[in-house]
*Asks:* 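Handing you a structure now.
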Amino acid sequence: MQQNKFRYLSLILLLLLSACITEYYVQLKPDDLNRIVIYGLINNQEGYQSIDISLSSPANKPEYIPFPNCKAELHTSKGIKIPLEESESNPGKYGAFISRDNLEKGTSLKLVVETPDGSIIESSEESIPSESGMDSIYCKKVPNPEADSTSNEPFVRFFVDFNSISTEAKYFWWEEHETFEYHANYSIEWIFYQEKYTHVSPPDSSLKFCWRTEIIPDIILFSNENPDKNSFKEFPLHTVDQINKFQYGYSLEVKQHSLCPSAYNFLVQVKSNTTNPGGLYMKQPLEIIGNLKNKTNPDQTVMGNFGVCATSIKRVFVEPFPEFPEYDYACSRYYMADRDFKTQSYNHPLYVMDNGKHTAPTGEVLSNQCVQCTSFGGTTDKPSFWPR
Amino acid sequence: MKQIFVSLAFTIISLSCWAFQGDTLRNCSYNNQPVKLLFDEILHETGRNVFYKEADIADVRFSLNEKNISVANALEKALWGTNLYVSPWNEDFVILKNERLISQLPEFQENDTISATRKKEDTFMSGRKAEERFVITVGKLKTSSGAKCIIEGVINEAESGLPIPNATIFINEIKAGAVADFNGKLSLTIKPGNYSATIQCIGYEPLKFTLIINSEGNFTVSLKRSSVQMAGVDIFGDRQKDIKRKDAGLERITVKSTKNIPVLMGERDVLKLSTLLPGIVSSGEGSAGLSIRGGGTDQNAFIINKIPLYNTSHMFGFVPAFNADILKDVDIYKGFVPGQFGGRLSSVFNITARQPSMNKFGLKGSITPVSASLAMETPIIKNVLSGMVSYRSTFSDYVLNMINDKNINNSSAYFDDLAGGINFNKGKIQAGIFGYHSKDKFTYSNLNSYEYASNGASMSVSHSKPSGTKQELTLIYSKYDFSTVDMMDSLASYSHKYSINHYETRLDFQSTALMKNNLSYGLGAILYNLNRGIVEPFGPISLRTSTDLGIEKGLELSAYLSDHFTVTERLNVDAGLRYTAFSPLGPKTVYQYEENEPRTEEYISDSLNFSNNSAIKWYHEPDIRLSFNFETDNNGSVKISFNQLHQNLFMLNNSIAIAPNTQWKLSDYHLKPSKSNQVSMGIFRNTEKRDLEASVEVYYKNTDNYPEFKDGADFLGSSSIEAIVLQGNISAYGVEFFVKRSNKKLDGWLSYTYSQSIIKVDGLSDWYKINHGMSYPANFDIPHIFNGVTNYHFSKRLTTSCVVIYQTGKPITLPSSVFYVHELPVINYSHRNEYRIPDYFRVDASLNLEGNLRKKKLIHSSFSLNVYNLLGRNNPYSVYFRAEKGVVKSYQYSVIGVPIFTFSWMFKLGNYATE
């Protein structure tokens, strides 16, 4: 009886603590759909640079919707107008070769876009800031805050030592791309296809070694509030919480952008909305406001932002950590009846496990993930910067 | 109709009888004077008492110029045009409101009212009354000179020892008597001898005794409360019930009325009950905030025995911070605010704790599914000094440990509160000390923890004079502090501690010495001391940088003068002026910015350094308060009020709910005090026959310098609040309907409020605009609110109640679109509060059972079964989006989406009627 009382009480409290979260379908107002989005960040590196013009998509059906047939120009403070041509292969992308003369520190740029219906959209004028340099990029192991008895592997955090050559560089954004090598668990040795085994000898390892490059989604920003300080040590970048990425080497490319204020403010807003977890005490989200205005129809909101920056780039390679455990990618092996072998192999080849002596297959079938590293999204093309 | 005829006939017969009595007043000459003077004159000249309720005649004035007029006629003429009626009672008179005293029930009266049901039950409680007569001896026996001597008496309640104002003593032999003042004290000048005396007061059993006077001396008499209840279930106190006297925008909640209302965890909650009244709306489940007449959640002052509270809830708003057992009632001023209150723009919740009994030990308590409480009161020196203490604590942790969930196992939720007071009452001096402590601690696994506490104390000494003046000096201290550790995002984990200290002293005066005026005036000073704390990185991998949010100090000085003035019999005016001066104090470095440029570092033009305790910037302005109360007839009135208020203290909150770690912030060099003007008008009527009362109130409120956070404001990121808070304007208006039925088997009330609350922050440059400078609904803008409360009384012991709540969905900023930045999808949101979440609808029910009604019993119990959210609706609280596997999904967050059943037990020493 006493036990029952406790169970009822437990149930009550469980219910209290279990707030209900259910899927919700939003009926948006027409004005909030298909808004014009212009985004561009021109850096101080001479070469081809571009901006994107697109339409926003509904939040529950996100997709990139290019907005073609616009006319875009960059107006410099030197009175030069640089037309941006729409890419034939990438609709909605408008670009041009920009020479170093137009990208000197202090040069102001303004983006002017004319849409197919004749609306003129202009950004504010943005001045190219001072460049800043990266002294070194390195990583350290840090404790896993979620470590428990079943998992206590550490995390790896990257840091940058950097300097702003002049104190005019105040706002920073680090854009990071990681590349890591990984391997499928097996080479292809036995293939069963259309009721016939084929022995591949030597085993085919062409799909065993992959490299995967990804953008780090963290938005890492810094505003230097101290006008007398222009050298910074051990500034934290992103943290890698999957140490298997270091098993065969890890490469990180860091672009350090010294931003104009509008670009920085825009990314601060993006970050604020991206990191909002939701829930009872969540910070109220915000409407991201950039520096673009529709001069023809001032009431029509233009999303996105046009900014300029001075960029420096550095890449580092991290050798595998010997103390980290070896990691096998998820791979399922299963036994299959002869009848199923025949049925399934008509449609696609089955990769079959070797008997260990390279003489005969076993009845154990390997899933595609076991032999094709590309199943995990990588490529078998070794990047040019890969050291080995 | 039959009742009217019977009453009328009885009145005519009664008046005829009086005419034969020959008791006359020789010379009556009064001009617009309080009717109480006439009663005193009658007692003085004829020895006849006139019994009345002080509250009924408080505003009644009369004019009479007659000679040799009978007492009955004089009374009839004096009370003509009011809703008060005279009835003979033995040799005396009784003044009743809206009725005359009748000697017998009319024939064939149907027993369909709750009063009839209770008659039998009251027999249990009253028992047989024995004729008692005892002797009181005053003074020492000595040879009497026969000269008159002065004797002084104190009349108090037998149960509590509290004084009974306006009790009367009548000495039969000399046909004279006296009336007790508001401290229950009276004096008589009388020759030594043996007398037959009677002490009476409405609501108490009269006491007849033999008074032996030997010489000068003192005596004390205790009266027992009459066990016959006039009304068994009062949802609101007398002031609310009397529609003619109700101030525009005033609500009163008695703790007794919370007993039947269904609640979430079995905890009686006066604040949640207030949200069932028109114009008051909760900011939601899991939040303690209230929005009143389109005002922000930080615009309400919560004061318990003069201690201001900066957090009014336990467990994130699910449980009230006060133990109901120590509370007496709550006055809510949301329209006209008397001059003694200030500092908040929307309302004042003046919460009064019980006064501990002066002569009887009392104990009461309760057990709910999450907590247990005990309250004790006891005399320390009988009739002079008494004390009270209450403690409540939760015991929910053991339940958490039994749940098979790793995160919940590792969680803990704890709260407790302690309150106590000592009251002293001797002679003309009254003094009181009251203390309050409340603490909460909540840990959710290893993800976050909150710990917050309120502490406060008040000490007051007052001195009363029979001339009708009272002075009171009060010292007040209040502190709210919290500490938070947030580990939801290990890279951004932080710890933070915050505290606000409030030191206040005030001197208040009340005077009724002037005939037409009821004056109150006073002075006050408040010193605020805030430590906004340091936000420190927490854990080994947190990327937070340490941020010192700084300390703040502020001094608020105030003076007020308020008068209740009777212009004519039907028109009363309340006028008040409150002058407040406020300045933030140093030490402080204040940045000045280029005009109309963003308040960011690059636009700093100068910095000002202020030394410790030096005034940084004085803000001072008068608050004008006016209220006109015009009685249209005996059953109705029209009230118009104008109210001005200032606020120097704000909450920094940019979440939908008020989190326990919400910081308070003082006005400063840049952030000006907010100011509001409210005009309201109310029409109040009641119908005696159906026991219905109804009101319609309209209001318009304009608030300037309302602080509103900029998009993405981070209150933990910088001490420079001026960079993330702008000030704008709120326009709020609404109409409130209220109908209530009382004292029936089926009673309750319905309320409907239509309101709008619109914010506009439109500065000179883009940086000083929110929402592009366009108007937008406030977070608490809820246009339609309907509340229904019904109680069905099967008997005095068994009552069932049901609450129905409907509200328009709250405004929300919805994720409206996705665009791409550097290949990453970015969710963008609509204009601020452009959309609304779905409407809110909830039904709660409760069943309350009282123990038996026997008069003589040691302990009385009552039980309550509550069902919260009977229909199990998933009422939405917020909507948010989350990217999952490349798809952005929207979710509706409901705090409580299932029916919650709770059972609670309340007990007290004594019987049903024991307070």
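Each chain gets a letter, A, B and so on, in the order its sequence line appears, and its residues count up from 1. Remember, it's a predicted structure, so these values are computed and weren't measured experimentally.
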*Asks:* To check you understand the geometry: which heavy-atom pair defines the closest contact between Tyr39(A) and Tyr820(B), and what is its length?
*Replies:* CB-O, 4.4 Å
*Asks:* Does Tyr64(A) have more than 12 heavy atoms from other residues, nucleotides or ligands lying within 6.0 Å of its OH?
*Replies:* yes
*Asks:* What part of Ala713(B) is in contact with chain A, defined as an atom under 4.5 angstrom from a non-hydrogen atom: side chain, backbone, both or neither?
*Replies:* backbone
*Asks:* Which value, rounded to the nearest 0.5 Å, describes the distance between Asn828(B) atom CG and Leu286(A) atom CG?
*Replies:* 8.0 Å
*Asks:* Quick one: what part of Leu237(A) sits under 4.5 Å from any heavy atom of chain B, side chain, backbone, both or neither?
*Replies:* backbone
*Asks:* Could you look at Ile219(A) and say if it's the side chain, the backbone, both or neither that has a heavy atom under 4.5 Å from chain B?
*Replies:* neither
*Asks:* Give the member of Asp714(B), Asn661(B), Asp711(B) that has the highest number of heavy-atom pairs under 4.5 Å with chain A.
*Replies:* Asp711(B)
*Asks:* Rounded to the nearest 0.5 Å, what separation is found between the CG atom of Asn305(A) and the CZ atom of Phe819(B)?
*Replies:* 9.0 Å
*Asks:* Please classify the contact between Thr239(A) and chain B as side chain, backbone, both or neither, with a heavy-atom cut-off of under 4.5 Å.
*Replies:* side chain
*Asks:* What closest approach, in Å, do Lys29(A) and Tyr835(B) show between heavy atoms, and which atom pair accounts for it?
*Replies:* N-OH, 2.8 Å
*Asks:* Non-hydrogen atoms of chain B under 4.5 Å away: do they reach the side chain of Ile289(A), the backbone, both or neither?
*Replies:* side chain
*Asks:* Side chain, backbone, both or neither: which part of Pro58(A) has a heavy atom under 4.5 Å from chain B?
*Replies:* backbone
*Asks:* Answer yes or no: does atom NZ of Lys710(B) have more than 12 heavy-atom neighbours from other residues, nucleotides or ligands under 6.0 Å?
*Replies:* yes
*Asks:* Rounded to the nearest 0.5 Å, how far apart are NE2 of His772(B) and CG of Asp299(A)?
*Replies:* 10.5 Å
*Asks:* Would you mind checking which part of Phe266(A) comes under 4.5 Å of any heavy atom in chain B, side chain (CB onward), backbone (N, CA, C, O), both or neither?
*Replies:* side chain
*Asks:* State which residues pass ring pair (Phe, Tyr, Trp, His ring centres under 6.0 Å) with Tyr94(A); sequence neighbours excluded, sorted by chain then number.
*Replies:* none
*Asks:* OG/Ser817(B) to CZ/Arg35(A) distance, rounded to the nearest 0.5 angstrom?
*Replies:* 6.5 Å
*Asks:* Distance from Ser56(A) atom OG to Ile827(B) atom CD1, nearest 0.5 Å?
*Replies:* 12.5 Å
*Asks:* Of the backbone (N, CA, C, O) and the side chain (C-beta and beyond), which part of Ser223(A) lies under 4.5 Å from a heavy atom of chain B, both, or neither?
*Replies:* neither
*Asks:* Heavy-atom cut-off 4.5 Å, strictly under: side chain, backbone, both or neither for Ser542(B) against chain A?
*Replies:* backbone
*Asks:* Between Pro62(A) and Val818(B), what is the shortest heavy-atom contact and its length?
*Replies:* CB-CG1, 3.8 Å
*Asks:* Given a strict heavy-atom distance threshold of 4.5 Å, which part of Glu175(A) is in contact with chain B: side chain, backbone, both, or neither?
*Replies:* side chain
*Asks:* Let me know if Ile288(A) has heavy atoms under 4.5 Å from chain B in its side chain, its backbone, both or neither.
*Replies:* both
*Asks:* Just so I understand: if I count every heavy-atom pair under 4.5 Å between each of Leu55(A), Asn34(A), Val37(A) and chain B, which residue has the most?
*Replies:* Val37(A)
*Asks:* Please examine the side chains of Ser830(B) and Glu287(A), heavy atoms only from C-beta on, and report whether any two atoms are closer than 4.5 Å.
*Replies:* no
